[in-house]
Amino acid sequence: MKDVARLAGVSVATVSRVLNDSASVTDATRARVLAAVDELGYRPNAVARSLRTDTTRTIGLVIGDILNPFFTELARAIEDQARASGYSVVIGNADERPERQDHYVRTLLEQRVDGLLLCPTAEITPLVRDVVSGGAPLVFLDRTLPGLDVPTVRADGAAAIGELVLHLARLGHRRIAFVSGPALLSTGRERTEAFKAALEAAGLPVRPEYLEAGDFQAASGRAAAARLLDLPEPPEVIFAGDNLMALGALDEIRARRLRIPADVGIASYDDVPWFTHVDPPVTAIGQPVQELGRRAVRALLERIDGRPVEPAVLDARLVVRRSCGEPGDEGNGSEGSGRP
């Protein structure tokens, strides 16, 4: 770094700020330092720097399922905010399995990440409990675990679910089914309870046969939709508790050559870009993913600095399209001949 500073005609501190992407350096100075770095072939030794400073400028992120578009977008938002703050992100995919979650938590801590963002699985594992009691900088993301004092950054979809059910009731729907996530997950429990409360508020009965449990994976959404559509009195609308289960339900509806929304409507918790390209476009509840990512990184950096952090709860919102018979749709999808 001294050689780079000498060649660029700046201080060693300025070189450090450039290499850490500090915004306090002018463009001209940054260009001069980077030119010197290239000319000398200098590459910082992150391991040596971490031993000297007791920091690696990295944070760990363990997410539930990398194939879920919600988590993919969330990881991108976290990476963008972390980079803007001078940090890198190392990602582990728990695949909704506690043992895989613990593998990545252990590995990331062994690699001396400065802090950890964790979307916890349903179980409070001994390792997670030890991490919490050991005081490592930790923030939960999207989900909570009862009994652990860890700040959580998440979205609250109760109001949006209430809006969705009222919206469906105003469209004339009375038979509304819900495919929930697993009850062991906080998000699965919260969305189910919010759906039941929304039915009661709208004056609609809670029919047990219209409540199906999935696992936030596409296959479970398809299996649940098949059971619902085989009922003697099938639902008029299937509301899936996440986007992957909505995808599975869509697959089952298309396989039966049923029209959306003429034969059955569909709605999803979690909004994803491809919903606008489905015919008809899918009505969904969108979470503020970008803001969740920004808040999560800021909260973790505050924990790393030793400052107290309050939980952050953001509101989800209803995005009305045309998959439930909304005005503007003729009631006919692009496939199928309707229910026999």
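Model, not experiment: these values are computed from the prediction. Numbers here are sequence positions counted from 1.
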Taking every non-hydrogen atom, the tightest pair across Asp263 and Arg259
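Between these two residues, the closest heavy atoms are OD2-N, 2.6 Å.
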
Nearest non-hydrogen partners of Gln287 and Asp270, listed with the distance:
NE2-OD1, 2.6 Å

List the steps, then state whether side chain to side chain contact (heavy atoms under 4.5 Å, CB included) holds for Leu116 with Ile59.
CA-CA 6 Å; Leu116 191 63; Ile59 60 177; over 6 Å; no

Side chain [X], main chain [Y], donor-acceptor under 3.5 Å:
{"X": "Thr56", "Y": "Arg112", "value": "yes"}
{"X": "Arg321", "Y": "Thr276", "value": "no"}
{"X": "Glu236", "Y": "Arg175", "value": "yes"}
{"X": "His173", "Y": "Cys324", "value": "yes"}
{"X": "Ser323", "Y": "Ile266", "value": "yes"}
{"X": "Asp142", "Y": "Arg154", "value": "no"}
{"X": "Ser133", "Y": "Arg129", "value": "yes"}

Can [X] and [Y] be counted as having a side-chain donor-acceptor contact under 3.5 angstrom?
{"X": "Ser268", "Y": "Asn243", "value": "no"}
{"X": "Gln217", "Y": "Asp242", "value": "no"}
{"X": "Ser186", "Y": "Arg189", "value": "no"}

From [atom1] ([X]) to [atom2] ([Y]), nearest 0.5 Å:
{"X": "Lys196", "Y": "Glu193", "atom1": "NZ", "atom2": "CD", "answer": "5.0 Å"}
{"X": "Arg57", "Y": "Leu19", "atom1": "CZ", "atom2": "CG", "answer": "12.0 Å"}
{"X": "Glu190", "Y": "Thr192", "atom1": "CD", "atom2": "OG1", "answer": "10.0 Å"}
{"X": "Met245", "Y": "Leu250", "atom1": "CE", "atom2": "CG", "answer": "12.5 Å"}
{"X": "Thr121", "Y": "Leu185", "atom1": "OG1", "atom2": "CG", "answer": "7.5 Å"}

Taking atom CD of Glu310 as the centre, does the number of heavy atoms from other residues, nucleotides or ligands within less than 6.0 Å exceed 12?
no

Thinking salt bridges, do Arg256 and Asp230 make one under a 4.0 Å N-O criterion?
yes

Under 6.0 Å from the ring centre and within 45 degrees of the ring axis: does the NZ or CZ of Arg191 meet both conditions for the six-membered ring of Phe178?
no

Salt bridge (charged side-chain N to carboxylate O under 4.0 Å, His left out) partner of Arg227, the single match among Glu209, Glu212, Glu252:
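So, applying the salt bridge (charged side-chain N to carboxylate O under 4.0 Å, His left out) to Arg227 and each of Glu209, Glu212, Glu252, only Glu212 qualifies.
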
